[in-house]
Amino acid sequence: MRLTAVGVSYAYVPGEEVLRDVSLSLADGEVVFVLGSNGSGKTTLLHCLSGMHQPTSGTVTVDDRPLVQLTPRERARRIGVVPQLHEPAFAFTVAEAVLMGRAPHLGLFARPGRDDRAIVDRALAAVGILALRGRAYTEISGGEQQLVLVARGLAQGARCLLMDEPAAHLDPRHRHEILGTARGLAADGHSFVVTSHQPDNAFLYADSVLLLVDGRAQGYGTPGEALTEESLRAAYGMEFEILRGESGARAVVPRIRPASSD
């Protein structure tokens with residue numbers, strides 16, 4: 001499945017665009033990171049890609065079919081949304097939370113059956129948390145909750161998952177679990193659009209990077225092409241250094257001027 005945005009703009013208030021002429025293309029097995037400062041348009045772009053917002057100009061297509069022509073059920077079978085962590089009103093079990101992803105495949109009054117529950121177990125196993133299936137969603141860690149939301153998207157049957165800052169507030173181990181899981185699922189043909197504030201994560205896990213500045217694309221390409229000290233300065237309003245380790249891994253750190261010897 002290919003998800004494509006061409007020249008997408010969006011305004012919450014007429015005449016005040018928060019997203020301006022943004023394009024990207026996502027193929028099977030690809031991970032695209034969307035980076036930018038607060039208010040740069042990252043989440044708005046995800047909403048346009050999911051069909052939650054209809055662009056004020058430009059188009060979003062799924063396999064060359066305009067997204068606006070798909071019914072909500074058809075969209076849900078193709079595109080899953082993984083929001084930032086949230087606290088549900090009820091203490092659903094992990095399996096119940098993932099089972100909600102089967103809604104696009106059920107009739108209005110239909111109940112999930114044995115096949116649906118088997119799909120849930122396969123989704124939980126795919127993200128490595130099958131052992132948690134009977135635990136309350138509210139009682140597991142933040143990283144585990146994010147994996148539950150990924151599993152819910154898999155249970156939908158969605159080939160493309162849109163992840164809104166999935167590693168926010170997580171420690172390094174859980175951050176790697178989430179993003180490493182996405183990278184592993186991409187190897188099986190799933191695709192991901194991931195918003196993030198962390199350029200380091202893009203160097204480690206992304207195939208492509210879209211860097212937004214005030215709703216416009218500052219750079220789009222491989223991490224090495226899109227993330228330069230100049231583009232990062234434009235995006236975040238500060239100086240950075242890009243360091244390379246012996247293994248070839250790259251890290252982005254603030255540039256700190258040496259203290260004066262006077």
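- Using a 4.5 Å heavy-atom cutoff, the side chains of Leu227 and Phe203 are in contact.
- Leu67 places a side-chain heavy atom less than 4.5 Å from the side chain of Ile79.
- The closest side-chain donor-acceptor pair between Ser23 and Tyr220, if any, does not fall under 3.5 angstrom.
- Residues Ser141 and His174 form a side-chain contact, since some pair of their non-hydrogen atoms from C-beta on lies under 4.5 Å apart.
- Residues forming a side-chain hydrogen bond (donor to acceptor under 3.5 Å, both in side chains) with Glu225 (at least two apart in sequence, or on another chain): Thr222.
- There is no side-chain donor-acceptor pair under 3.5 Å between Ser196 and Glu165.
- When only modelled atom types and interatomic distance are considered, Asp164 and Thr43 share a side-chain donor-acceptor pair under 3.5 Å.
- Using a 4.5 Å heavy-atom threshold, the side chains of Val127 and Glu177 count as separate.
- Judged by distance alone, the side chains of Ser191 and Arg159 never bring a donor and an acceptor atom under 3.5 Å apart.
- In this structure, Tyr205 and His176 have tilted ring planes: the angle between them lies in the 30° to 60° band.
- Using a 3.5 Å distance cut-off with no hydrogens or angles, the side chains of Thr228 and Ser231 do pair a donor with an acceptor.
- Outside the 6.0 Å centre-distance limit, the rings of Tyr236 and His197 are not counted as a close aromatic pair.
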